[in-house]
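Here is the structure we will look at.
These values consider heavy atoms only, across backbone and side chains, with no hydrogens, waters or symmetry-generated copies. First listed ligand is number 1; within each ligand, the first listed atom is number 1.
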Amino acid sequence: MKHRGYYGSFGGAFLPEILIPTFDELVAAYENARNDPAFWNQYQQLMAEYSGRPTPLTFAANLTRHFGGAKIYIKREDLNHTGAHKANNVMGQGLLVQKMGKKRVIAETGAGQHGAACATMAAKFGFDCTIYMGEKDVMRQRPNVFWMEQLGAQVVPVTDGTKILKDAINQTFRDWVTHMDTTHYVLGTACGPHPFPEMVAWFQSIIGKEARQQILEQEGRLPHKVYACVGGGSNALGLFSGFMDDPVDLVGVEAGGKGIDTGQHAARLSSEDASPGIAQGYKTFFLQDNDGQMKETHSISAGLDYVGVSPILAHMHEIKKARFESATDTEVVDALKLTIKTEGIIPALESAHAFAGAFREASDLSGDQIIIINQSGRGDKDIFTVAEALNDPEWKTFIQKKAAQYHA
Ligand SMILES: *Cc1c(COP(=O)(O)O)cnc(C)c1O
């Protein structure tokens, strides 16, 4: 059976036989939606009413002055309902599930951000919802687990393998195989088998469509460069898609972790450490060893800590349609601190990678050049990680006192 969804040699749909009819049904529903302007209107309307779209394009006057180079604009995906661009994807898939007449959604989650977004969508649409999460992540991410359960989702800790995201993905596919008739798998990023990369990128293209129109309204011209962080690649593809046919430099920033030379990072396209392979139903660059075993990745931001990457971005990398850089944990925390102090905006640690990448290049540009940074999410969720990274003494005392309360 031949499936669409190749980007050069990347992508595809490597599926167990039993799932093929379900994927055919999904591809058909997606293609119907894609060819129906009324669907996109309905989606836009939903995102306007429920998620506050269009999100603003904010001119960062203070950062611009600080670097003395290009004019810096920030696309504010942090202002979405639930605090990140993930809302675009889950609400879009929710509409599609409704069209397919299914009543149950399942999803994988690592840090819990996608799980919480998916549980929110399920509550809104009235779907049953099961979220698979590695047991280790369940323990590390109690606040998100708490909210998913309050939203009515069942959170299932996955005890297989290394008990993290990739194990949760496998478990979600196993659930899907046994409940295909009633259930849709809401994949969280522009990865996985066709049609997920294309479909998720399509829902996220709302970011780029808005950003292009907004910069033309606000400045009367296109930006020179646009920056986005790259985990699975969905927020980057969302922004890039607005400028695909323009002479705009598309820059993706991956997690450089503790530094590329330490091996503790998640740089798949911006390092030499990843190689093409097939896993989790699709072909892309994976951080894997010579035997095809997935390597351990590291990033200060949970959302960028992933072994694979969108096959669409892998292809854009190969044909040099986009450029990929990395930013280390230290650079990211510095970029975060600067943005908070100068603009009063708290980017998510993930998004702060895009800021770090842009800050490195902003002063080399001239004052008549424009850059746009995608702020994929808001940073208040990262208080535990950031306070620890900054070694804040008052915070430590606070946490110790809280813990002591429960021991008493
Ligand atoms: C999940 C997440 C990401 C990474 O996902 P992409 O698919 O690469 O966009 C980036 N930023 C935030 C705020 C996230 O929650």
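- For H315 and F10, the gap between ring centers reaches or exceeds 6.0 Å.
- Between F67 and F359, the ring centre distance stays below 6.0 Å.
- Residue contact annotation: Q204 has no non-hydrogen atom under 4.0 Å from ligand 1.
- Between S351 and ligand 1, not a single N/O pair is under 3.5 Å apart.
- Distance from atom 7 (O) of ligand 1 to its nearest protein heavy atom, with residue and atom name: T189 OG1, 2.5 Å.
- Close approach to G377 involves these atoms of ligand 1, each under 4.0 Å from a residue heavy atom: 13 (C).
- Considering only non-hydrogen protein atoms, atom 4 (C) of ligand 1 sits nearest to G303 O, 3.4 Å.
- Shortest contact from atom 2 (C) of ligand 1 to any protein heavy atom: K86 NZ, 2.4 Å.
- Checked against a 3.5 angstrom limit, the closest N/O atoms of G233 and ligand 1 fall inside it.
- Residue H85 touches ligand 1 through its side chain alone, judged by heavy-atom distances below 4.0 Å.
- Atom CH2 of W176 is surrounded by more than 12 heavy atoms from other residues, nucleotides or ligands within 6.0 Å.
- For residues 338-351, the salt bridge (Lys or Arg N to Asp or Glu O under 4.0 Å) pairs, not counting sequence neighbours, are E350-K381.
- Both the backbone and the side chain of S234 come within contact range of ligand 1, each with a heavy atom under 4.0 Å.
- A salt bridge is defined here as a Lys NZ or Arg NE, NH1 or NH2 lying under 4.0 Å from an Asp or Glu carboxylate O, and R360 with E331 meets this definition.
- Here the heavy atom of the protein found nearest to atom 13 (C) of ligand 1 is S376 OG, 3.4 Å.
- Considering backbone and side-chain atoms together, L304 places no N or O closer than 3.5 Å to any N or O of ligand 1.
- Remark: ligand 1 and N235 share an N or O pair separated by less than 3.5 Å (distance only, no angle test).
- Sequence neighbours left out, the pairs with a member in residues 237-254 that pass side-chain hydrogen bond (donor to acceptor under 3.5 Å, both in side chains) are R212-D246, K225-D249, D249-R323, E254-R268, E254-S270.
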Is there a ring-ring contact (aromatic ring centres under 6.0 Å, His included) between F203 and Y43 once you walk through the steps? CA-CA 9 Å; F203 289 128; Y43 169 62; 5.3 Å; yes
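- With respect to E77 and R378, no salt bridge is recorded, no charged nitrogen being found less than 4.0 Å from a carboxylate O.
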